[in-house]
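Worksheet: one structure, shown below.
Below, each value reflects all heavy atoms present in this structure, side chains not excepted, and no hydrogens, waters or symmetry copies.
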Amino acid sequence: MQRSDTQDPAYFHKVVDCQWACPAHTPVPEYIRLIGQGRYDDAYMVNWVSNVFPGVLGRTCDRPCEPACRRGRVEDKNVGEKKPEAVAICRLKRVAADHKSQELRALLPKPLPRNGKKVACVGAGPASLTVARDLATQGYAVTVFDGETKPGGFIRSQIPRFRLPESVIDEECGYILGLGVELRAGRRIESMRALLAEGYDAVFVGCGAPRGRDLQLPGRQEAGERIRIGIDWLASVSFGHVTSVQPRVIVLGGGNTAMDCCRSARRLGASSVTVAVRSGYAQMKASPWEKEDAEHEGIPILDFHVPLAFEHEGGKLTGMRFKKAQTGEEVSIPCDEVLIAVGQENAFPWIERDAGIAFNEHGLPLLDAQSFQSSLPQVFFGGDAAFGPKNIITAVAHGHEAAVSIDRYLHAEPVTKRPPPHVNLLSQKMGIHEWSYDNGITNELRHKVPWAAAEKALASIRVEVELGFDAATAFKEAQRCLNCDVQTVFTDKLCIECDACVDICPMDSISFVENGAEADLRQRLKAPALNLAQDLYVSGTLKTARVMVKDEDVCLHCGLCAERCPTGAWDMQKFLLLTTKAGPACRDTPARAPLAERKVTA
């Protein structure tokens, strides 16, 4: 194999599995260490730079970081028969938000003086607010338009209050508006052409995927009074327009929206709530914990149930008829109300088709996948409006990239050229046997987040179910983190091949062997490296003509190799990667002033 190129920022980044998996590349181990030290304000700010909404995402994130967490795959021997679980990364994020001090506002950046450029954001959801946050701090005059009276988009309208209190949304949206972002609430954009004519230098479209899919089956029209589209119904509940529900409710769909619908219906007084999904339970799109939470509240999930018809008597809904996909058997389930949560679609009726923005056959805008620029150069898209429904953290990631594109575009620089990230790699050695981080990893299993009492939580749709970790439990959970950002860095010329590191490694992840092709090498290591998704760390050729090979998949980052090495060939170095945000660092010519003459035309 070729020697590993550790000068490539992606190499060690990939070893920090949680950060690599996060769409916004939040430096997870960094903020977990800060939480372990009780430095909640600092931990919050590390989050805020990357994911913008630590309190919101600490409660609602889809957690792509947790399935990637190294903890979940390397400590089987340490915890006995019970399989270790990922560190509770998402809930630790919430700890930073819940325990931050009143002085946090003083840590927020002060916007630069206005640079004379105007940017409009359509929609006040997470993608638009991220663009607004990133650009407002750089001196842009940002105006956010939204048809609702408060910012937040689907964070506010579609996530039930028992999962996300409104006060958290208000606070974190308020931080962004406090940077000088103008919110024109209650103004729904009806025409892209008219918006462009208002003289904005760039427009960002972050209006989400606002249309819920319907299900046209026999009886749909006749019984329509008791059949609702899930996302519309959730918005009505959120804004207080719907305060009750019929006694027997069926929810159609297997995504997170379906889980929110069924749990909301339960709290609004339904005596019977049933979820029916046409796929298998394992194939449902809902996150595993969302399904578990619904079932924990006594809501059955019927999988492989294909809906056939809405049953009614004289236009009054009486039930639904299904076919069991595996047996072909037809069954009827009585109900008084149906909530349809089978997907969402984009809708851009307000963008004139001759405005210069091209759309594909699915009604989505044609975009450059990296810059999010549309066929009309000054118009950018992001979030669900770009490539269809995803999740909050993906919308945030889109917002960061679109903000970089807008910043470069308004400085007459190519938007498809992406600036490199900021990378820092620093030794953690403080003394002969002293490190600047705690590498004494606890063997405790993942700690459970406490819930409110069931009789209290189910009695109101506004009582938050999860109570969050207290400081003591947060510390214990933080100690489970393996510090994957503290890397084992190997220096060939210092190695005397004494094998001391091989002997002490608790995971048999280090080998000194003759080089060869990767497939062959993986089999000849001290312990075969079977996870092909994880790299091998291969050194240059040593004095004995062998190479050092380390399996990055199973390393605990405990530092024992560096502790034992008599020559300092191994060192523990903290790797910090920060993606480049809008501002001078993202530009080829940082000192160049924005184009004064560039204007958007319809």
Worksheet item: Can a salt bridge be assigned to the pair Asp98 and Arg91 using a cut-off of 4.0 Å between side-chain N and carboxylate O?
Response: no

Worksheet entry | Minimal non-hydrogen separation, Ala223 against Leu317, with atom names | CB-CD1, 3.9 Å

Fill in: Residues Arg480, His447; criterion side-chain contact (heavy atoms from CB on, under 4.5 Å); working and verdict
CA-CA 10 Å; Arg480 298 183 68 240; His447 296 83; 4.2 Å; yes

Discussion item. Can you confirm if the NZ or CZ of Lys324 lies within 45° of the ring axis of Phe304 and under 6.0 Å from the centre of its six-membered ring?
Written reply: no

Discussion item. We want to know whether Thr579 and Lys581 form a side-chain donor-acceptor pair, criterion being a heavy-atom distance below 3.5 angstrom.
Written reply: yes

Discussion item. Contact between Ser272 and Val249 at the side-chain level, heavy atoms closer than 4.5 Å - yes or no?
Written reply: no

Practice prompt. Using a strict 4.0 Å threshold on nitrogen-to-oxygen distance, state whether Glu330 and Lys323 make a salt bridge.
Written response: no

Item to complete: Compute both the distance and the angle, then confirm whether Arg63 meets the cation-pi test with Trp289: under 6.0 Å from the six-membered ring centre, within 45 degrees of the axis.
Response: yes

Practice prompt. Go through the steps to decide whether Glu313 and Lys316 satisfy the test salt bridge (Lys or Arg N to Asp or Glu O under 4.0 Å), and finish with yes or no.
Written response: CA-CA 5 Å; Glu313 292 179 3; Lys316 182 179 179 181; over 6 Å; no

Worksheet, complete the sentence: Checking Arg228, Arg226, Gln246, Arg248 against Glu337 for side chain to side chain donor-acceptor pair (under 3.5 Å), the one that qualifies is Arg228

Worksheet item: Is it the case that Arg133 places NZ or CZ above or below the six-membered ring of Trp48, under 6.0 angstrom from the centre and within 45 degrees of the axis?
Response: yes

Discussion item. Within the 3.5 Å criterion, strictly below it, is a donor on Thr26 or Gln19 matched to an acceptor on the partner's side chain?
Written reply: no

Worksheet item: Applying the side chain to side chain donor-acceptor pair (under 3.5 Å) test to Arg163, which of Glu466, Glu290, Glu464 qualifies?
Response: Glu290

Discussion item. What I want to find out is whether Lys100 reaches Asp41 closely enough, with some N-O distance under 4.0 Å, to be called a salt bridge.
Written reply: no

Discussion item. Distance alone, cut at 3.5 Å: any donor-acceptor contact between the side chains of Thr257 and Asp260?
Written reply: no

Worksheet entry | Heavy-atom side-chain contact between His25 and Ser50 under 4.5 Å | no

Can you give the donor-acceptor pairs under 3.5 Å from side chains of residues 381-399 to other protein atoms, not counting sequence neighbours?
residue: Asp384; atom: OD1; partner: Lys390; partner atom: N; Å: 2.9
residue: Asn391; atom: OD1; partner: Thr394; partner atom: N; Å: 2.9
residue: Asn391; atom: OD1; partner: Thr394; partner atom: OG1; Å: 2.7
residue: Asn391; atom: ND2; partner: Asp62; partner atom: OD2; Å: 3.4
residue: His398; atom: ND1; partner: Gly383; partner atom: N; Å: 3.0

Worksheet item: Considering all heavy atoms of both residues, which atom of His296 and which atom of Trp451 are nearest to each other, and what is their separation?
Response: CD2-CZ3, 3.2 Å

Discussion item. Could you check whether Lys150 pairs with Glu166 (Lys NZ or Arg NE/NH1/NH2 to Asp/Glu carboxylate O, under 4.0 Å)?
Written reply: yes

Discussion item. Whether Lys291 engages the ring of Tyr281 as a cation-pi pair (distance to the six-membered ring centre under 6.0 angstrom, angle to the ring normal within 45°) should be assessed.
Written reply: yes

Practice prompt. In sequence, state the C-alpha distance, the side-chain angles, and the governing distance for Asp303 and Arg278, and then conclude on salt bridge (Lys or Arg N to Asp or Glu O under 4.0 Å).
Written response: CA-CA 6 Å; Asp303 63 352; Arg278 63 171 62 228; over 6 Å; no

Discussion item. Salt bridge check, Arg184 against Glu182: does any charged N sit closer than 4.0 Å to a carboxylate O?
Written reply: yes

Worksheet item: Short question: side chain of Glu85, backbone of Gly72 - any donor-acceptor pair under 3.5 Å?
Response: no

Item to complete: Verify the distance criterion only: is there a donor paired with an acceptor across the side chains of Ser191 and Glu352 at less than 3.5 Å?
Response: yes

Discussion item. If you compare all heavy atoms of Val181 against all heavy atoms of Ile176, which two are closest, and at what distance to 0.1 Å?
Written reply: CG2-O, 3.5 Å

Discussion item. Is there a side-chain contact between Ile227 and Leu339 in this structure, where contact means two heavy atoms from C-beta onward sitting under 4.5 Å apart?
Written reply: no

Discussion item. Check for me whether Arg263 meets the cation-pi criterion with Phe162, that is, NZ or CZ under 6.0 Å from the six-membered ring centre and within 45 degrees of the ring axis.
Written reply: no

